[in-house]
Amino acid sequence: MEVSRSPHGLGAREIRDRVRRGELKAEEVARSLLGRIHATEPALHAYLYMDDEAVLDRARGLDLRVARGEDPGPLAGVPVAIKDNLCVRGTPTTAGSRILSAPGAGFRPPYDAGVVERLLGAGAIPLGKTNLDEFAMGSSCENSAFGPTRNPWDRTRIPGGSSGGSAAAVAARSAVVALGSDTGGSIRQPAAMCGVLGLKPTYGRVSRYGLLAFASSLDQVGPFARSAEDAALVLGAIAGHDPRDATSADVPVPDYLEAVRRGVAGLRLGVPREYFAVSVEPEVERAVRSALAVLEAAGARLQEVSLPHTPFGIPCYYIVATAEASSNLARYDGVHYGRRTPGARTLLDLYERSRSEGFGDEVKRRILLGTYVLSAGYYDAYYLRALKARTLIRRDFARAFEEVDALVAPTSPFTAFRLGDKVDDPLAMYACDVLTVTVNLAGLPGLSLPCGRDGSGLPIGLQVMGPPFEEGRLLAVAGAYQAATTHHLEAPAVGDTA
Ligand code: GLN
């Protein structure tokens, strides 16, 4: 399908440039996006919350600032979708869970997340809150208490997870850019499944203040976009130190837009053997290898490397992440936030009933697992060993980055599977993350960008991983690839012909 040049088909860079010059009204852009959302939502269910009037109000406010000659900011008029585990003041924030969304008693945060504050300061227009696996736990969006999002390329398939709503919206042009969070792959994997670019920044690069915590030593917020340039724009706006997040790094934010145009001449790209050893679908491997050839033709030097502890990634991640989740989710007790089961007789009864009714199966499974691996007698055997494996994984990367500048591999071993295919098999679902969790365990930046489609027309993702705080280098690789190819311009047919 050819995307028309109505504002919803434009990129963030073009929107902001035209809005800043007064050639395009932010209100016109917002109306176009709202129209697009209403046309696509019946098929996709990417959004959990929308408020058209609030969107238009903010857009008109921005147009007034432009008319007054004020600087409207680097994201002036750019419509952005926000994953529903990020706090937006006064707006229902559910994390895809019943526990935060009891009718009439839903959680409406009294403050904005650090990243939301920065987006607003940059002139962006938040469109609404997007669907996700409950508390970001999942790889298919099917763990949302509100029903799954569908993949815009094939509605019988998953959009990936947990940030499935954000990825699907950007792919379907019902958002120009979006925010997601990535604890073990939740930005990169849905980006791969939906054929968009997703970037998980270095741990500490972007503030986690106001992100509903899943696993605090792994969680990071990052952008979805169609082009490297747009991802660079959003990252530039949200990155930087925030004293309200103790793990936020005080590291200067470079010019990411400049990085996109840097090219890859002379860049050493490592191809980790182990990332092709897991059963990667042949069509995925073929697309990734031909993407590597494109990068080589653009001047990069390819070299095989080894990350020998990769096979420990999944067990290590599912111990560390569940341990941290069991602690983080203790706060949802029926007293502080959201749902409180009526009729409880004792405090314990209230906790028990609110949590039993409020949490879905996968969240309960993780709380049980996490409590188990932290319990006396099992702590050393599981949690401590997982921390040791984490150190080995981190060292693998450090060693590789002595030889190469970045690593390139598939994002996911397979393309989008069918809704329902893995919901009853938690281990099969966990295995989806085999190529993404290692980056989180090592605290590194990782990016996924579309590099082709399989025989069924489903998008394939190329993953680029780098040393800490080298997001610019990843964007340079993405920029060079997109300059030489057109995969990122392909759009699914949704909401047009239906
Ligand atoms: N799919 C992984 C999980 O279920 C990663 C989720 C995420 O990154 N939030 O934990």
Side-chain angles (χ1 to χ4, degrees), residues 83-86 95-97 130-144 148-149 158-167 178-194 198-203 206 208 211-224 313-326 328-329 359-370 373 386 390 411-414 416-417 421-423 425-448 461 463 465:
K83 186 177 183 180
D84 199 25
N85 60 354
L86 285 162
S97 182
T130 53
N131 201 7
L132 70 161
D133 288 293
E134 185 175 6
F135 286 103
M137 298 174 185
S139 308
S140 68
C141 226
E142 293 167 292
N143 295 334
S144 168
T149 294
I158 58 111
S162 63
S163 317
S166 286
L179 290 186
S181 65
D182 190 313
T183 305
S186 277
I187 292 176
R188 289 160 290 154
Q189 188 258 15
M193 301 287 142
C194 290
L199 195 168
K200 173 224 145 352
T202 309
Y203 186 73
V206 173
R208 293 181 299 110
L211 168 69
L212 272 52
F214 161 10
S216 305
S217 78
L218 303 162
D219 298 341
Q220 261 298 285
V221 180
F224 287 94
I314 287 288
C316 173
Y317 169 81
Y318 277 93
I319 290 171
V320 172
T322 57
E324 295 183 17
S326 71
N328 274 328
L329 270 59
F359 288 137
D361 287 348
E362 183 57 30
V363 172
K364 287 177 187 162
R365 185 177 295 123
R366 306 237 182 160
I367 292 172
L368 289 171
L369 255 170
V373 300
R390 186 175 188 175
T411 305
S412 160
F414 32 75
F417 46 92
D421 258 11
K422 295 184 201 278
V423 264
D425 188 348
L427 290 181
M429 196 67 96
Y430 297 172
C432 296
D433 310 324
V434 57
L435 303 178
T436 49
V437 293
T438 42
V439 152
N440 302 76
L441 289 165
L444 304 173
L447 169 157
S448 178
Q463 186 174 202
M465 301 164 270

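Order of appearance sets the numbers: ligands from 1, and atoms from 1 within every ligand. All residue numbers in this chain count up from 1 along the given sequence.
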- Between F214 and ligand 1, does any nitrogen or oxygen pair lie at a separation below 3.5 Å? no

- Part of R366 within contact of ligand 1 (heavy atoms, under 4.0 Å): side chain

- Task: Indicate, as side chain, backbone, both or neither, the part of Y430 found under 4.0 angstrom from ligand 1 when only non-hydrogen atoms are considered.
- Result: neither

- Heavy-atom donor-acceptor pair, D133 side chain to A136 backbone, under 3.5 Å: no

- Message: Any nitrogen or oxygen of S181 lying under 3.5 Å from a nitrogen or oxygen in ligand 1? Just yes or no.
- Response: no

- Task: Without swapping roles, check the side chain of D182 against the backbone of Q220 for a donor-acceptor pair under 3.5 Å.
- Result: no

- Message: Can you confirm, on distance only, whether ligand 1 has an N/O atom lying under 3.5 Å from any N/O atom belonging to G138?
- Response: yes

- Query: If hydrogens are left out, which of C432, P426, S186 has an atom nearest to atom 9 (N) of ligand 1, that is, the closest non-hydrogen atom?
  - Reply: S186

- State whether a side-chain donor-acceptor pair under 3.5 Å links Q189 with S412. no

- ring pair (Phe, Tyr, Trp, His ring centres under 6.0 Å) against Y430, all qualifying residues, sequence neighbours excluded: Y318

- Message: Treating S166 as the side-chain partner and L179 as the backbone partner, does any N or O pair qualify as donor plus acceptor under 3.5 Å?
- Response: yes

- Task: Tell me which part of T183 gets within contact of ligand 1: side chain, backbone, both or neither, using heavy atoms under 4.0 Å.
- Result: both

- Query: Going by heavy atoms, is A321 under 4.0 Å from ligand 1?
  - Reply: no

- Taking both backbone and side-chain atoms of K83, is any N or O found less than 3.5 Å from an N or O belonging to ligand 1? no

- Item | Under 3.5 Å: donor-acceptor pair, side chain of Q463, backbone of R188 | no

